[in-house]
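Right, one structure below, let's go through it.
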Amino acid sequence: MVKKICCIGAGYVGGPTMAVMALKCPEIEVSVVDISEPRINAWNSDKLPIYEPGLDDVVKQCRGKNLFFSTDVEKHVFESDIVFVSVNTPTKTQGLGAGKAADLTYWESAARMIADVSKSSKIVVEKSTVPVRTAEAIEKILTHNSKGIEFQILSNPEFLAEGTAVKDLYNPDRVLIGGRENAAGEKAVQALRDVYAHWVPVERIICTNLWSAELSKLAANAFLAQRISSVNAMSALCEATGADITQVAHAVGTDTRIGPKFLNASVGFGGSCFQKDILNLIYICECNGLPEAANYWKQVIKVNDYQKTRFANRVVSSMFNTVSGKKVAILGFAFKKDTGDTRETPAIDVCNRLVADKAKLSIYDPQVLEEQIRKDLSMARFDWDHPVSLQQIKAEGMLEQVSVVSDAYEATKDAHGICVLTEWDEFKSLDFKRIFESMRKPAFVFDGRNVVDAVKLREIGFIVYSIGKPLDSWLKNIPSAA
Ligand code: UDX
Ligand code: UDX
Ligand code: ADP
């Protein structure tokens, strides 16, 4: 019987996953531990360190009862039957595999610590996405340092999406558990299965071998990202031909073999997982002598880069080939709605490009803090295709061109153009008449998420560019503008 669970890493994955587990398994004590004291303090406060709809409620219901957040990593690992490891695994920026391979430094140090402090047998669960066969490496570290204790390694990748984490955790499409195919391995799989069976129907709990579970997570993210790059590549063609990407995506998605979800054309995908996991997949393909398979997946990232560049170029070319000194409002900075997360957000690339062209940006996002935006825009961008040289495109003082404001009306006042970069619901119900009146003319809207009502905006007087849609007729009459 599992009495105590601990999770190392109180991030976007560890925090929400364990909170829901605690809620659904009242008889199990769940501790989430992290080396970062500010993060743990935030989890113990009224202002949680991440924004997720519904999460506050879940945490309030269990915190202090059977859910605990602590920096005493060793104590909780020592006491637990199951230890989840949900630490960060960023892409390596230097050394062997730089630009593609996952950096397992945090994982390894967590594994060594588990081996050091454990005095009883434990199930160690990979929760963070890791390269295929990481479990084998972890197993070696644990067993070679184990002092006779038995460790079972399981892979249990998390499929939640940010912004819908609580909903996804309550009602997952599936839970995937990979383990060793021997008696001890199967017993460990069964123990974890019983935990999830508290709320997930058993037919949705898929049990596989370790390597299948590890690879499935990379594969699922690669397939999802590939759909977005496919629809985004189509969006470029739509703009060139007069087809409408929404109509095309709908027509394509009604084929039950394809399905309607995840076909929204956009300024590009972002988030901590898609690019990182695909790069990792590419690296694994290359290491296994499969360059053709690697190149197939590379193309998914290249199309994503193309989409971001294409969008920024459109902004500049439409505004008479110069944005120098012009105020441009940026609505939305997070990589998607309902999250404050900005990791790999396409907004960084678009803003950088516009700043390089000397635009004055006024940025508004309902959840992202100014400090975060400034940090993101001042950091050197890591070029995955040329990892040896960190792209340092920032010149001194460039950030002075950027202001971060606290509402959309302030951002758009006196602006020449608006770029919608995140699909926040509140952007749909803005008073665009009021916005139009406060803007410089001609007033442009570049909708990178297809959330505004282009017809209505054109009636007001805006020149509207939407991804994958027929271009504004006004624009069509100006050959140099398109
Ligand atoms: C993703 C996977 O969905 C999830 O299963 C995995 O566990 C982690 O990675 P996440 O990155 O949180 O989740 O968000 P997701 O909803 O997948 O969106 C990723 C990016 O794709 C966002 O930038 C989003 O705006 C973009 N996107 C998504 C599109 O551009 N079009 C779409 O149709 C869907
Ligand atoms: C296809 C489209 O399915 C159909 O909608 C369109 O009208 C015409 O083209 P078809 O070529 O007749 O139809 O057969 P389909 O079942 O799509 O298979 C095409 C090829 O893909 C076959 O060689 C099939 O063996 C292969 N295939 C299909 C796979 O290798 N794996 C699969 O999972 C599915
Ligand atoms: P994810 O999106 O995968 O959840 P995050 O970066 O949000 O990733 O969270 C990972 C967390 O893991 C961070 O809060 C980090 O401080 C924590 N962490 C990394 N290494 C260790 C470690 N050895 N022990 C405890 N916590 C760790």
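Ligands are counted one by one from 1 in listed order, and the atoms in each one are counted from 1 as well.
Taking every non-hydrogen atom of K217 and a distance limit under 4.0 Å, the qualifying atoms of ligand 1 come out as 6 (C), 7 (O). Residue contact check: C273 has heavy atoms under 4.0 Å from atoms 8 (C), 9 (O) of ligand 1. Counting the atoms of ligand 3 from 1 in the order shown, those under 4.0 Å from a heavy atom of I8 are 24 (N), 25 (C), 26 (N). Per-residue contacts place G11 under 4.0 angstrom from the following atoms of ligand 3 (heavy atoms of the residue considered): 4 (O), 5 (P), 7 (O), 9 (O). Atoms of ligand 1 lying under 4.0 Å from at least one heavy atom of L263, given by number and element, are 33 (O). If you number the atoms of ligand 1 from 1 as listed, the ones under 4.0 Å from a heavy atom of R449 come out as 24 (C), 25 (O), 30 (O). Remark: ligand 3 atoms within the under-4.0 Å shell around heavy atoms of R343 are 2 (O), 6 (O), 8 (O). For ligand 1, the atoms lying closer than 4.0 Å to a non-hydrogen atom of G270 are 19 (C), 20 (C), 22 (C), 23 (O). Near S109, the atoms of ligand 3 lying under 4.0 angstrom from a non-hydrogen atom of the residue are 23 (N).
Looking at I228 against ligand 1, only its side chain comes within 4.0 Å, counting heavy atoms. If you look at K337 next to ligand 1, there are no close heavy atoms at all, none under 4.0 Å.
Not close to ligand 1: K261, with no non-hydrogen atom less than 4.0 angstrom away.
Distances from atom 21 (C) of ligand 3 to the heavy atoms of I35, N88, V33 show the closest one on I35.
A cation-pi arrangement, defined by a distance under 6.0 Å to the six-membered ring centre and an angle within 45 degrees of its axis, is absent between K308 and F269.
When side chains are defined from C-beta on, L421 counts as touching I330, because their heavy atoms get closer than 4.5 Å. Between L331 and C419 the shortest side-chain heavy-atom distance does not fall below 4.5 Å.
Under 3.5 Å, the side chains of N232 and S229 contain no donor-acceptor pair of N or O atoms.
Scanning all protein heavy atoms for the shortest distance to atom 11 (C) of ligand 3 gives D34 OD2, 3.5 Å. Among all protein heavy atoms, the one lying closest to atom 5 (P) of ligand 3 is R39 NH1, 3.7 Å. Protein heavy atom nearest atom 4 (O) of ligand 3, with residue, atom name and distance: V13 N, 2.9 Å.
Checked for salt-bridge contact, E158 and K217 miss the test: no charged N lies under 4.0 Å from a carboxylate O. With salt bridges taken as basic N to acidic carboxylate O contacts below 4.0 Å, one links D425 and K428. In summary, E239 and R310 engage in a salt bridge, as defined by a charged side-chain N under 4.0 Å from a carboxylate O. Classification of E370 and R374 as a salt-bridged pair holds, one side-chain N sitting under 4.0 Å from a carboxylate O. The existence of a salt bridge linking E29 and K4 is confirmed by a sub-4.0 Å separation between a basic side-chain nitrogen and an acidic carboxylate oxygen. Note on D103 versus K92: no salt bridge recorded, every NZ/NE/NH1/NH2 to OD/OE distance being 4.0 Å or above. Under a 4.0 Å N-O distance rule, the pair K375/E371 does not qualify as a salt bridge. We find that D57 and K60 are not joined by a salt bridge, their nearest charged nitrogen and carboxylate oxygen being 4.0 Å or further apart.
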Expected rows: ligand 2 N/O, protein N/O, dist below 3.5 Å:
| unit_1 | atom_1 | unit_2 | atom_2 | d |
| --- | --- | --- | --- | --- |
| ligand 2 | 3 (O) | R257 | NH1 | 2.7 |
| ligand 2 | 3 (O) | R257 | NH2 | 3.3 |
| ligand 2 | 5 (O) | R257 | NH2 | 3.0 |

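Ligand 1 has an N or O atom lying under 3.5 Å from an N or O atom of F159, backbone or side chain. Remark: ligand 1 and F335 share an N or O pair separated by less than 3.5 Å (distance only, no angle test). Residue S266 has at least one N or O atom closer than 3.5 Å to an N or O atom of ligand 1. No N or O atom of S272 sits closer than 3.5 Å to an N or O atom of ligand 3. Note: an N/O pair closer than 3.5 Å links K336 and ligand 1 by distance alone. In terms of polar-atom proximity, defined here as any N/O pair under 3.5 Å, S36 makes no such contact with ligand 3. Considering backbone and side-chain atoms alike, L160 places an N or O below 3.5 Å from some N or O of ligand 1.
Under a cut-off of 6.0 angstrom, the local environment of CE in M234 is sparse, with at most 12 non-hydrogen atoms contributed by other residues, nucleotides or ligands. Counted within 6.0 Å of CZ on F159, heavy atoms from surrounding residues, nucleotides or ligands total more than 12; the atom is thus considered enclosed.
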For this session: Before giving the answer on side chain to side chain contact (heavy atoms under 4.5 Å, CB included), spell out for F274 and L224 the whole-Å C-alpha distance, their side-chain angles and the decisive distance to 0.1 Å.
Result: CA-CA 8 Å; F274 283 178; L224 289 169; 3.7 Å; yes

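Rounding to the nearest 0.5 Å places CH2 of W43 at 5.0 Å from CG of L55.
Note on ring orientation: taking the six-membered ring where Trp is involved, the planes of F446 and F311 are perpendicular (angle over 60°, cut-offs 30° and 60°).
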